[in-house]
J.: 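The structure under discussion is supplied below as structure tokens; questions concerning it will follow.
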Number of protein chains: 2
Amino acid sequence: MKDEKIVEVDNALSLDEETLFEVSQTFKALSDPTRVRILHLLLQKEFSVNEIAENLQLRQSTVSHQLRFLKNLRLVKYRREGTTLYYSQDDEHVFNLLKQSIEHAKHQ
Amino acid sequence: MKDEKIVEVDNALSLDEETLFEVSQTFKALSDPTRVRILHLLLQKEFSVNEIAENLQLRQSTVSHQLRFLKNLRLVKYRREGTTLYYSQDDEHVFNLLKQSIEHAKHQ
DNA sequence: TGTATATATTAACATATGCTCATATAATAA
DNA sequence: TTATTATATGAGCATATGTTAATATATACA
């Protein structure tokens, strides 16, 4: 009798642990109103930490903490200019999800 | 001097309180691995509460709680057959977001 | 009526999350 | 070097979240 081969199932929509983690992590980034507001602002253009705080009426540390979160997930990046850090989009797919969902929510 | 008119700004991507709430709520539904697994299962076909629990190795009450959550957001619906409730998809847009994200995550 | 089965609900608990204040760090300029 | 400005970090706190066991409810059937 021949050896059975273990076949790796990999449908387009199968859901291994790693994918499950990444998908839910990504959505978690978009599940908090403060982060959504920050990301929404960055749809326009890059902003410094203080500019984001002023624009959205948030504390500097709140913004900084959330930017760290978003940076860890590689959803945003920054460039430095002196002491100022300008944050901007770094994940086309996620920003598209956000745009898509905002537009959809408004046409409900 | 003429009266100033208050102009409602309503770009496709402006973000009023209501939209902000709905968008982040929707993503919150997709931010928990257990809920993602349940929704992912429902991509196939309808399942009863117990079937979901068996399939995903979860407690009946865990599944029931999460289904209530998803039902409140109108992401799933059910039909009754005797004492059995069959849950199924009830939001094409959100299920599309999920499919899209799973596929994207796998090609990272 | 009583029993069995499927699901929902409640309360308790542990953990996660988000915000804040205070302070640290980093870069620049005087 | 010291002072200034921008940002990051750590700790504490209140609240939110997810799971669980136990129990309640609802339907069907004998």
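Just so it is clear, the structure is predicted and the values come from calculations on it, not from any experiment. Convention: sequence-line order gives letters A, B, ...; per-chain numbering from 1.
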J.: Can you tell me if the side-chain N/O atoms of B:Ser61 get under 4.0 Å from OP1 or OP2 in C:dT9?
T.: no
J.: Under 4.0 Å, heavy atoms only, any strand: does A:Lys71 hit a base, just the sugar-phosphate, or nothing?
T.: nothing
J.: Is any side-chain nitrogen or oxygen of A:Lys28 closer than 4.0 Å to OP1 or OP2 of C:dT17?
T.: yes
J.: So, is B:Asn50 near the phosphate of C:dT5, with a side-chain N or O under 4.0 Å from OP1 or OP2?
T.: no
J.: Please confirm whether the shortest side-chain N or O distance from B:Arg68 to OP1 or OP2 of C:dT9 is below 4.0 Å.
T.: yes
J.: I'd like to check B:Leu67 versus B:Ile52 (side-chain heavy atoms, cut-off strictly below 4.5 Å). Are they in contact?
T.: yes
J.: Check the phosphate of C:dT20 against A:Gln60, side-chain N and O only, distance under 4.0 Å to OP1 or OP2. Yes or no?
T.: no
J.: Have a look at B:Thr84 and say if it touches a base, only the backbone sugar-phosphate, or nothing, with a 4.0 Å heavy-atom cut-off.
T.: sugar-phosphate
J.: Among C:dA27, D:dG18, C:dT20, which is the nearest nucleotide to the side chain of A:Arg80?
T.: C:dA27
J.: Counting just side-chain N and O atoms, does A:Arg35 come under 4.0 Å of either OP1 or OP2 of C:dG18?
T.: yes
J.: Does A:Thr83 place a side-chain N or O at less than 4.0 Å from the phosphate oxygens OP1/OP2 of D:dT5?
T.: no
J.: Going by heavy atoms in the side chains, are A:Ser48 and A:Tyr87 under 4.5 Å from each other?
T.: no
J.: When you get a sec, tell me which of C:dC19, D:dG18, C:dT7 is the closest nucleotide to the side chain of A:Thr62?
T.: C:dC19
J.: Looking at B:Tyr87, I'd like to know whether one of its side-chain N or O atoms comes within less than 4.0 Å of OP1 or OP2 on C:dA8.
T.: yes
J.: In this structure, is the centre-to-centre distance between the rings of B:Tyr86 and B:Tyr78 below 6.0 Å?
T.: no
